[in-house]
Structure formats: C-alpha cells, structure tokens
Amino acid sequence: MADDTANRPRYATPRKTRRRLRACRECDLLVALPPLRAHERASCPRCGHTLSRRHHRPAQRSLALAITALIALLAAIGFPFIRFEARGVSNSIQLTDTAISLIDFHEPFVGILVLLTIVVLPVFYLLAVIWLHVGLSRRKPLPRSRQIARALAHLSPWMMADVFVIGALVSLIKIAGMASVDLGLSFWSFCAYALLLLWTTRSLDTDWMWFSLAGEPLAPADSEIGRPAAEQGLAGCPTCGLVNRLSHFGRGRCRRCGERLRFREAHSLQRTWALLLAATILYIPANLYPIMTTTSLGSESPSTIIGGVMIFLGHGDWPIALVIFTASIVVPIGKVFALAWLCIVVKRQDEPRYRHKRLQLYRITEFIGRWSMIDVFVVAILVALVHAGSLLSITPGPAALAFAAVVVVTMLAANSFDARLIWDSHDVQPRMPASLKRQSPFSPVKEVDDV
C-alpha cells in the first residue's frame, strides 16, 4: 500500500482495538468488523473485498442445502444421463461414464480430472459441510471439525459442476444434427445438484462458523486499524480470518485453525511467472493437435479447438461458437496476458484508483479461469455418448490432455499471485541483523549488516 497518510480518514480513523479485527485478504488493511445482522455484510473500506457475510440461521441453512445437493447428486449418478440414437444405433450413458470412457481411451489424467471436479471433490465438500453444521446446530462440534473446516476453504475453486452443465448443453447442440437425443432423469438431477452446490458454497457463513467452532481470541496488543497489517508485524489468516502476530522471520501459525502464515506468499511472483510459462508452452500443442476425432462410416475427421468453433459457425450456431471461442481461446490467452501484466506492474507506486483497476482485473482473472473447462467436458461427454465403432464414434485427441493441463496450470497461477502486493509501497518483510537471520537460512526476510 502507498503511504497515503492524508487519505487514511476516508478508510477509518486510526485507533487501537483488539476485538473482531480482520486483515483484508486483497489489500491487507486492518479493520474492525462491525456488529452484523442477518443478510448484512462487511466490506473492506479500501478495496471493497467482502470480509464477512451474515446469514439467517446459518447452520440450518447450510445443512439443509448440503443434504439436498447430496441427494440430487445421488439421483444424478444412479439414473441414465443422456441417450442418443443415430442410424439405427442407440447408446445411453450415466454420469460417471464421462470419466470412465476417457480412462478407457488412455486419457487417465483428463478422466480423473473430470471425475474429481464434478463428483469426488463436491461429495467431500458436501459431507464436510454436513459434518460441521450437524455439530454446530447441536452446539457441540464433532471431532476433527477444525481440520475439516480448514479443508473447505481450498476446495471451492476446483468444484465445476456448473461448468459441466454448460459443457453438456454445448455437447447436446453439437450432436443434435446427427442424432436424436433424450435427456434422462440424471441430467435434470445434475442440473439441480449444480445449482444447489453453488448455493451451498454461497451460504457458508465462515466468520460465524469459526467463531462457533473455536471462539475468537483477542488480536495482538498494539494492533491499529486503518493501517496495513504487515507494517505492524501482523497477518490475517486466509482460512479463518484471525489476526496473528508473526515471528521475526516473518512466519507463524494461526492460533485458532493452525494454518501456516506469512506476511506475503513466498516467492509469489516467481511461482506465477513459472506457471504462466508452463501454460504458454502447453497451449501450443493444445491448439495444434486435434482435441477430438469424429469417425463416420469409417472416415475420420480430426477437429482442433478453433476447428470446432468454425464448425459451429458453419452450421449457424454462432452463440455456441461464441461460448467455445471465449472459453477456449479468449479466456486462457487473456488470463496469461493479464497475470503477466500484473506481475510486471505490481510494484509501481501509482494512485489508488489504478491499484483498484489492477485488483479488479485480478478478480476477473481468478473468476473466469475455471470456465475454460467447458471444452474438456464437451469432449468427455461426446466420447462417452457417441461410441458405435466405425459407423459413428468420437475419440479424444492429444490436445485434450494439453488443454486440461493449461486450465489447471492457469488456475494455479492465479492462486499463487498475492493480490496484496498491488498495495505494498515497499518490501514488508522485516529487516533484522544477519546473525539472527543465519538461525533460519530459509527465512524470506532481508539480511542487513550487524550493528
């Protein structure tokens, strides 16, 4: 953050308090949470990031949604998903066949990724929510609740049931011209499950949940709101939000949930650059090689990502072509360029309005990355559904693996970028004597001459 002393009154009048403090995860400003009623939220006065959101009856609300979503998923797995018939050949698939077929075609990484993102991780998430809120509704947390609550914060970006629904719709439009398609009960159950899962993630009241699990210790002494936490030797826990004081080496653990803490993510820019380079390299074969091959009456027709867009345009399905082009071309390239630009300009000492724009760009980049999985899900559905040998079949191409890797690597790149660096006016790592630093050779702090 720039040293905007004159601007501090518009954030908050600097004062000392030790109750209900939060360090903003996106700009590191230390603020005190006000009392919140149901349907109210508290936002950072500097960057607008939501610090806490209160819900009415949070335990019962999240518990009911999670149980309903789990029931919908069980129905989606247990009944036929899609059925198609073409040239006298019919085929019916279940939801899990989309991953199993990819594994059968020697694409285990892509198949496992599909299964993880639409079934395995959501099931674990929903069971964790049920476990936590059963205990909280009884006012007696169940065993391992803190460890399970920590895991929830890391799962949300990797659950893609809503993206899979869009991929299924694109797949249906793609094969509608060559076959008749029937949607099974599983399809509608999965749509309900995707909506309920999204609703469940939005219903979690993390601040209330951690307070109910472990209370809230007072913030360290001499904490001063209206100033960046790192300048005071403090760090907010990214999992439970508690403000903690770090050691001289810039490290520590949260007193409430046990999460490892640093002033800033270690080597954030270096890791982001490395992941962006890997994504750029992987993006080349993802576009040069076919992502799938269609066999019709013994004739093979390979299709690249851009080739699939042109096919939709040729058939007049320009809305679908626009969705595929945006998700598979614009989003990956735009995400790489946006993160690279942020890494270059992150240290510039500009006016706050420019920093707000950079933060908004980062938020958009982080949000849209997962939607590139649409093309991978389209391939998974078509490979499982259209499988009639040399008469009519679709097989995955080598680009499917490369493109799936691009999506994963760009998501990791966005997660590795520390948005708080946008607001730092100087290196926030503490300076200390070299003799003390030698006690921890892996410490990220700066080394200076002994006095």
Side-chain angles (χ1 to χ4, degrees), residues 73 77 81 93-125 151 154-168 170-171 190 194 271-272 274-295 302-308 324 327-329 331-333 335-336 368-387 393-416:
L73 176 58
I77 294 175
F81 189 65
I93 64 169
Q94 292 186 314
L95 179 64
T96 53
D97 291 334
T98 56
I100 295 173
S101 295
L102 289 171
I103 297 174
D104 291 339
F105 279 104
H106 309 292
E107 293 289 353
F109 174 80
V110 185
I112 292 172
L113 181 63
V114 170
L115 193 63
L116 281 174
T117 53
I118 67 172
V119 176
V120 177
L121 294 181
V123 165
F124 179 82
Y125 185 91
H154 304 286
L155 290 179
S156 295
W158 302 99
M159 299 187 302
M160 304 182 186
D162 50 344
V163 183
F164 187 84
V165 171
I166 304 300
V170 172
S171 304
F190 189 87
R271 285 189 291 131
T272 303
L275 291 167
L276 290 178
L277 178 60
T280 303
I281 295 173
L282 289 167
Y283 195 65
I284 297 173
N287 283 271
L288 291 180
Y289 290 100
I291 194 167
M292 62 183 176
T293 300
T294 303
T295 302
S303 174
T304 60
I305 293 176
I306 194 66
I324 296 296
S328 303
I329 304 295
V331 169
I333 294 177
K335 193 169 184 177
V336 169
I368 65 175
R370 58 201 292 270
W371 289 95
S372 295
M373 280 292 290
I374 288 178
D375 233 354
V376 177
F377 291 147
V378 168
V379 173
I381 294 170
L382 292 179
V383 167
L385 186 61
V386 186
H387 189 58
S393 63
I394 295 178
T395 56
L401 174 60
F403 189 76
V406 169
V407 177
V408 172
V409 171
T410 53
M411 289 181 65
L412 291 173
N415 291 338
S416 68

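Looking only at distances, no side-chain donor or acceptor of Ser372 sits under 3.5 Å from a matching main-chain atom of Ser328. Judged by distance alone, with hydrogens and angles left aside, the side-chain atoms of Arg370 form a donor-acceptor pair with the main-chain N or O of Met159 at under 3.5 Å.
For the side chain to side chain contact (heavy atoms under 4.5 Å, CB included) test, residues two or more places apart in sequence or in another chain that qualify with Leu155 are Leu121, Phe124, Tyr125. Evaluation of the side-chain hydrogen bond (donor to acceptor under 3.5 Å, both in side chains) rule for Thr272 yields Ser416 as partners, not counting sequence neighbours.
Closest approach of Val406 to Pro332, counting heavy atoms only: CG1-CB, 4.4 Å. Summarising the geometry of Val331 relative to Ala327, their closest heavy-atom pair is CB-O, 3.7 Å, with the distance given to 0.1 Å. The shortest non-hydrogen separation linking Ser101 to Val383 is CB-CG1, 4.0 Å. Residues Glu107 and Pro396 share a closest heavy-atom pair of CG-CG, 4.1 Å. In plain terms, the two heavy atoms of Ser303 and Gly308 that are nearest each other are OG-N, 3.5 Å. Ala278 approaches Val409 most closely through the heavy-atom pair CB-CG1, 4.2 Å.
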- Query: Could you walk me through whether Trp158 and Leu116 pass the side-chain contact (heavy atoms from CB on, under 4.5 Å) check?
  - Reply: CA-CA 8 Å; Trp158 302 99; Leu116 281 174; over 6 Å; no

- Query: Given the rule in the side-chain contact (heavy atoms from CB on, under 4.5 Å) test, do Met373 and Leu113 qualify, once you have shown the distances and angles that lead to the verdict?
  - Reply: CA-CA 10 Å; Met373 280 292 290; Leu113 181 63; 3.8 Å; yes

- Apply side-chain contact (heavy atoms from CB on, under 4.5 Å) to Val165 and Phe377, showing your working. CA-CA 9 Å; Val165 171; Phe377 291 147; over 6 Å; no

- Message: Walk me through whether Val163 and Thr117 qualify under side-chain contact (heavy atoms from CB on, under 4.5 Å).
- Response: CA-CA 10 Å; Val163 183; Thr117 53; over 6 Å; no

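Atom CZ of Phe105 has more than 12 neighbouring heavy atoms from other residues, nucleotides or ligands inside a 6.0 Å radius.
Between Phe81 and Phe190, the ring planes lie perpendicular to each other; the angle is over 60°, past the 30° to 60° tilted range. Using a 30° and 60° split on the angle between ring planes, Phe403 and Tyr283 fall in the tilted class, from 30° to 60°.
Rounded to the nearest 0.5 Å, atoms CG (Asn287) and OG1 (Thr304) are 7.5 Å apart. In this structure, Ile93 CD1 and Leu385 CG are separated by 5.0 Å, a value rounded to the nearest 0.5 Å. Taking OG1 from Thr280 and CD1 from Ile333, the interatomic distance works out to 9.5 Å, rounded to the nearest 0.5 Å. From Ile100, atom CD1 reaches atom CG of Leu115 across 7.5 Å, with rounding to the nearest 0.5 Å. The CG atom of Asp162 sits 11.5 Å away from the CD1 atom of Ile118 when rounded to the nearest 0.5 Å. To the nearest 0.5 Å, the span separating CD1 on Ile166 from CE on Met160 amounts to 14.0 Å.
Tested against Val378 for a side chain to side chain contact (heavy atoms under 4.5 Å, CB included), the candidates Ile374, Ile381, Val376 yield a single pass: Ile374.
Counting only heavy atoms from C-beta outward, the side chains of Leu102 and Thr98 never approach each other to under 4.5 Å.
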